[in-house]
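In what follows, a single structure is set out as structure tokens and then discussed.
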Number of protein chains: 2
Amino acid sequence: MSANSRLTVAVHILSWMTLVARTRADPVTSERIALSVNTNPVVIRRTLGLMQKAGLVRSHRGANAGWTLARSAGAITLREVFAALGEGGPFALHPSPPNASCPVGRGIQPVLGRVYGALDDLIERQLSQTTIEQLLDETLSGTSEPNRP
Amino acid sequence: MSANSRLTVAVHILSWMTLVARTRADPVTSERIALSVNTNPVVIRRTLGLMQKAGLVRSHRGANAGWTLARSAGAITLREVFAALGEGGPFALHPSPPNASCPVGRGIQPVLGRVYGALDDLIERQLSQTTIEQLLDETLSGTSEPNRP
DNA sequence: CTTGATGTAACAATAATAGTTACATCAAGG
DNA sequence: CCTTGATGTAACTATTATTGTTACATCAAG
């Protein structure tokens with residue numbers, strides 16, 4: 001599909017910040033995060049900027065600058081992370097509008113729009129089942145256990 | 001997201017073929033389908049080729065050539081159409097592998113893989129709820145005037 | 001005032017998407 | 001057997017999305 005890796009990167013960022021925050025409360029820099037994610041710090045800052053607008057993280061400037069979580073990791077669901085990125089759903093309608101003088105071309109878009117909307121709802125509902133904290137704990141345990149108590 | 005329109009085009013193709021088949025059993029050409037979808041016939045043939053491999057449609061060559069449904073539209077779900085296109089899920093893992101010397105970088109991919117896998121299952125389950133026939137009937141009920149297909 | 005990091009803009013490289021041209025291939029029907 | 005019209009694909013283009021990169025103004029603590 002058209003899959004991009006932005007949710008992956010965003011979740012990785014928050015998970016790493018959570019892990020670090022368990023031993024130190026200091027802000028972490030985009031450069032250090034980038035070392036774990038293995039990408040450029042600007043990519044990290046772009047994503048952090050979106051998550052800051054969504055109220056998930058805070059930036060700090062001046063000396064000892066960097067980023068901190070705005071909430072506990074147990075209170076951040078993947079749904080909120082996904083929403084912070086401002087992405088649309090996985091399916092698009094026609095690249096150029098279909099033929100309006102055909103009953104199918106005229107009527108199919110609203111119908112497909114509803115189908116795709118239901119899918120988006122479903123995706124959001126599923127993403128809301130997992131928090132960053134759960135995901136980090138699973139990551140650290142290295143086991144294959146399913147999530148959710 | 002990088003949403004593409006292939007499922008939309010595929011569903012449009014099958015819906016249009018179903019509508020036409022209600023009055024004539026003859027094969028329809030990619031060129032005629034392209035007029036309704038408003039794109040190039042080759043785009044239509046590419047998608048039809050994938051759906052033929054999946055057993056959803058049949059191609060006919062020689063004189064009076066074209067395409068026909070391989071099954072009744074009530075027996076084709078959106079899930080099968082989607083599967084025929086051979087697309088992956090909406091979310092990708094890291095573009096370049098994360099830092100393996102970090103606990104998060106080392107462990108997050110399998111965990112995210114399971115999260116994304118659960119989403120793919122959910123999407124498939126939802127798509128399996130709708131048939132081409134249902135979708136066409138909804139499409140036609142939304143349009144008022146009958147017109148040439 | 002120095003310092004180190006944020007916040008953005010601008011650009012580059014790569015890949016995906018959709019559209020297009022061209023043509024060999026096929027099979028029905030004259 | 002030859003004409004015909006459409007399939008089936010390869011190859012190419014144009015456009016856009018994605019990711020990565022460079023550069024630099026801005027900020028606030030010390």
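Just so it is clear, the model here is predicted, and its values are computed rather than measured. Lettering of chains follows the sequences in order, A, B, ..., and the numbering in each one begins at 1.
- When rounded to the nearest whole Å, the span between CG of A/Leu93 and C1' of C/dA18 equals 16 Å.
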Nucleotides 2-6 of chain C: which of its N/O atoms have a protein N/O under 3.5 Å away?
unit_1, atom_1, unit_2, atom_2, d
C/dG4, N2, A/Gly62, O, 3.4
C/dT6, OP1, A/Ser30, N, 3.0
C/dT6, OP1, A/Trp67, NE1, 2.8
C/dT6, OP2, A/Ser30, OG, 2.8
C/dT6, O2, A/Arg61, NH2, 2.3

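- A distance-only check finds a donor-acceptor pair linking the side chain of B/Thr47 to the backbone of B/Val43 [under 3.5 Å].
- In this structure, the CG atom of A/Leu50 is 13 Å from the P atom of D/dT19, given to the nearest Å.
- Remark: side-chain polar atoms of B/Ser141 are paired, donor with acceptor, to backbone N or O of B/Glu138 under 3.5 angstrom.
- If you take CD1 on B/Ile44 and CG on B/Leu35, they are separated by 9.5 Å, rounding to the nearest 0.5 Å.
- Mapped onto DNA chain D by nearest heavy atom, A/Pro41 and B/Val42 fall at different nucleotides, with B/Val42 at the one closer to the 5' end.
- Rounded to a whole Å, the CG atom of B/Asn4 is 15 Å from the C1' atom of D/dT15.
- Within the structure, every side-chain polar atom (N or O) of B/Thr47 is placed at least 4.0 Å from both OP1 and OP2 of C/dA18.
- Residue B/Arg46 is the one, among B/Ser96 and B/Arg46, whose nearest nucleotide of DNA chain D lies closer to the 5' end (criterion: closest heavy atom).
- Applying the ring pair (Phe, Tyr, Trp, His ring centres under 6.0 Å) test to residues at least two apart or on different chains, none of the pairs has a partner in residues 17-73 of chain A.
- Protein atom NE2 of A/His12 is 15 Å distant from nucleotide atom P of D/dT19, rounded to whole Å.
- Of the side-chain N and O atoms in A/Arg6, one or more sit less than 4.0 angstrom from OP1 or OP2 of D/dT18.
- Between the CD1 atom of A/Ile44 and the P atom of C/dT8 there is a distance of 16 Å, rounded to whole Å.
- Between the side chain of A/Ser5 and the main chain of A/Thr8, no donor-acceptor pair closer than 3.5 Å is present.
- If you measure from atom CG of A/Asn40 to atom P of C/dT8, you get 17 Å, rounded to the nearest angstrom.
- Using a 4.0 Å cut-off, no side-chain N or O of B/Thr39 falls inside it from OP1 or OP2 of C/dA18.
- Counted within 6.0 Å of CD on A/Glu31, heavy atoms from surrounding residues, nucleotides or ligands total 12 or fewer; the atom is thus considered open.
- Atom pair A/Leu35:CG and D/dG20:P shows a separation of 14 Å (rounding to whole Å applied).
- Applying the side-chain contact (heavy atoms from CB on, under 4.5 Å) criterion to B/Arg22, with sequence neighbours excluded, gives B/Thr18, B/Glu133, B/Leu136, B/Asp137, B/Leu140.
- Within the structure, ring pair (Phe, Tyr, Trp, His ring centres under 6.0 Å) pairs that include any residue of residues 92-114 of chain B comprise A/His12-B/His94 (at least two apart or interchain).
- Taken together, the paired segments of DNA chain D that extend over three or more consecutive Watson-Crick or G-U pairs, each closer than 3.5 Å at both contacts, are C:1-30 with D:1-30.
- Note on residues 30-52 of chain B: no pairs pass ring pair (Phe, Tyr, Trp, His ring centres under 6.0 Å), not counting sequence neighbours.
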